[in-house]
Amino acid sequence: MSAQQLSDLIRFARHNSPFYRDLYASLPSSVDRLTDLPVVDQKSFWAANTLHDSRVLTGPLSEATVYKTGGTTGSPKFSVYTRDEWRTFVTTFGQGLVDTGLRPGHRVADLFYAGELYASFLFVLDSLAHAPVDNVRLPIGGGAPLESTIPTLRDLAAQVLAGTPTTLCRLAEQVLASGVRLDSVELLLFGGEALFDDQRRLLATAFPGAEARSVGYASVDAGLLGRPVPGSDARVHRAFTPHSVVEILDDSTDEPITEPGRPGRVVVTSLFRRLMPIIRYPAGDRAEWTGTGPGHFRILGRAEEGVRVGPVSLYTQDAQDAVASADTAGQVVGMQLVVRRWEGRDGLVLRLATAPGDERDTDRRESLARAVVAELETVRPLYPDSVRAGFVHPLSVEWARHRDLAVNPRSGKLVRVLDERPTA
């Protein structure tokens, strides 16, 4: 990134976007370093970026595509791209697909979700169309019934399946239950959410000849974030230089982190988006530099994905780690945290999904449930302390099939935390 590129973007945003003009009001007239700029506050950004009379946009909404996004706030907002910006977006992302293992002639099933202003299906389809290697695109979508998807994949001999981990796991479960073999599948490209070890086991059972890799790291609000880095760790990516700049900032001070292995929050600046400028925008994830190559970083998960149960703060990663430690036999293929309230107290339920056939071994499951609860109480001792004090109900485990886990009906992504407490 040249100083001229950045200074031109800042100057343009200050002149044309009321939001950025106000944000940078106290800065000198000429700024050419990212570290001289404040980090965007998510709440303020989306409060200003309204669908009508947006204070973020740099011009009228007269030529653009509008997409819906949850951003990092959980409630849908709207992101816009001009046709030139979208072309740059998908062309640049498409170039990164060669690092996933996409080969000339691969038949790729797009199983992401479409409609309702959601971007992922169109984004992946367009990125494949702009990839530097020839490929055959199969626009099936994540909302198609599995009963028709599986025959389509078989009949068209799909070699690559692209979708969210949740969609791919539901497909894998149906493949195992139906006894159908999809031997042509050799690559599973996941995106939109993390892929955990328990899900990998399910995918490996259903598609023994396939390798699971990240399709790339991007979001409709933040834009281009990371290009896959070939290797064994699918969490490692590198910035899409020169189209975007990725920073990892200290959680407390917002100072840029430069040394490898030190976690911080991901902040991105897009150098090609001008209608809706993205300058030092929090992506909502945590990451660390790996030191293995220029700009290589490892995604560590969502910045604030967790839940408050009574006085106890608990993160999904805590539960994932507890399951991984206790589940030595690999029974669990999916997990969800469910928070409920009854008898005047909160309670946490771990909803665990098992592979087809495992539900018959009740003794084994009961033993695993006790082990998972014990692990989680060890890493979060405040929870059992709060149980003894009468603040919360004891931890419990609820068994399910992967298809029973709740998903976002629009995106198809697994809902990691279900808060079923009454809000009235």
Side-chain angles (χ1 to χ4, degrees), residues 1 6 10 13 19-20 22-28 31-49 56 70-75 77 193-194 217 219 221-226 233 235-239 244-270 277-292 294-322 337 376 378-383 385-386 416-417:
M1 176 191 64
L6 179 61
I10 296 169
F19 172 79
Y20 282 102
D22 293 345
L23 183 63
Y24 300 155
S26 63
L27 299 180
V31 178
D32 57 10
R33 295 189 307 176
L34 276 179
T35 50
D36 292 334
L37 303 174
V39 176
V40 164
D41 175 73
Q42 281 273 353
K43 186 176 180 179
S44 299
F45 181 91
W46 288 111
N49 192 29
V56 172
T72 58
T73 64
S75 58
K77 304 293 187 291
E193 52 185 340
Y217 179 30
S219 70
D221 55 334
L224 292 166
L225 286 159
D233 191 343
R235 299 172 298 169
V236 176
H237 296 74
R238 59 186 172 97
S244 63
V245 180
V246 170
E247 299 176 90
I248 300 176
L249 305 184
D250 182 88
D251 294 318
S252 302
T253 66
D254 271 350
E255 290 295 315
I257 294 172
T258 57
E259 66 270 29
R262 180 179 160 197
R265 63 173 180 148
V266 178
V267 171
V268 65
T269 297
S270 174
I278 298 296
I279 306 174
R280 299 203 91 190
Y281 177 91
D285 294 308
R286 291 171 54 76
E288 63 185 9
W289 301 114
T290 64
T292 56
H296 290 198
F297 60 92
R298 179 182 293 106
I299 304 169
L300 300 176
R302 298 298 289 173
E304 297 178 354
E305 190 177 72
V307 67
R308 184 90 170 178
V309 187
V312 186
S313 292
L314 191 143
Y315 296 93
T316 54
Q317 191 61 53
D318 296 330
Q320 287 286 347
D321 292 344
L337 304 184
L376 190 51
T378 299
V379 297
R380 276 289 177 264
L382 180 57
Y383 200 101
D385 289 347
S386 298
R416 294 284 171 191
V417 178

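Note that the structure is predicted; figures quoted are calculated from it, not measured.
- The structure places CZ of Arg235 at 6.5 Å from CG of Leu300, a figure rounded to the nearest 0.5 Å.
- Between Asp41 and Lys43, none of the side-chain N atoms (NZ, or NE/NH1/NH2) sits under 4.0 Å from a carboxylate O, so this pair counts as no salt bridge.
- Every residue two or more places apart in sequence or in another chain was checked for a side chain to side chain contact (heavy atoms under 4.5 Å, CB included) with Pro260, and none qualifies.
- For the pair Val266 and Glu247, the minimum side-chain heavy-atom distance is 4.5 Å or more.
- Distance check, rounded to the nearest 0.5 Å: CD1 of Ile248 to OG1 of Thr258 gives 10.0 Å.
- Distance check, rounded to the nearest 0.5 Å: OG of Ser270 to CG of Leu225 gives 9.5 Å.
- Although no hydrogens or angles enter the test, the distance criterion places a donor-acceptor pair under 3.5 Å between the side chain of Trp289 and the main chain of Ile257.
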Check the pair Phe297, Val246 against side chain to side chain contact (heavy atoms under 4.5 Å, CB included), reporting the backbone distance first and the verdict last.
-> CA-CA 9 Å; Phe297 60 92; Val246 170; 4.2 Å; yes
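- To the nearest 0.5 Å, atoms OH (Tyr20) and CG (Leu37) are separated by 9.5 Å.
- Between Val267 and Tyr281 the shortest side-chain heavy-atom distance does not fall below 4.5 Å.
- One distance of note links CG of Leu27 with CD1 of Ile10; it measures 8.5 Å at 0.5 Å rounding.
- At a threshold of 4.5 Å between non-hydrogen side-chain atoms, the residues Val379 and Asp321 do not count as touching.
- Atoms CZ and CG, on Phe19 and Asn49 in that order, are 9.0 Å from each other to the nearest 0.5 Å.
- Residues passing the side chain to side chain contact (heavy atoms under 4.5 Å, CB included) test with Glu193 are Thr164, Pro165, Thr166, Lys413, Leu414, Arg416, sequence neighbours excluded.
- The side-chain heavy atoms of Thr269 and Ser244, taken from C-beta on, include no pair separated by under 4.5 Å.
- Residues Val268 and Arg280 form no side-chain contact, since every pair of their non-hydrogen atoms from C-beta on lies 4.5 Å or further apart.
- At least one side-chain heavy atom of Thr35 sits under 4.5 Å from a side-chain heavy atom of Pro256.
- Using a 4.0 Å cut-off between charged nitrogen and carboxylate oxygen, Arg265 and Asp285 do not count as a salt-bridge pair.
- Under the 4.5 Å side-chain criterion, counting only non-hydrogen atoms from C-beta, Leu23 is in contact with Val40.
- For the side-chain hydrogen bond (donor to acceptor under 3.5 Å, both in side chains) test, residues two or more places apart in sequence or in another chain that qualify with Glu259 are Arg262.
- The nearest pair of heavy atoms linking Leu337 to Ala319 is CD2-CB, 3.7 Å.
- When all heavy atoms are compared, the tightest approach of Arg286 to Pro263 is NH2-CB, 3.2 Å.
- Residues Asp318 and Tyr383 form no side-chain contact, since every pair of their non-hydrogen atoms from C-beta on lies 4.5 Å or further apart.
- Each of His237, Arg298, Arg238 was checked for a side-chain contact (heavy atoms from CB on, under 4.5 Å) with Thr290, and the lone residue meeting it is Arg298.
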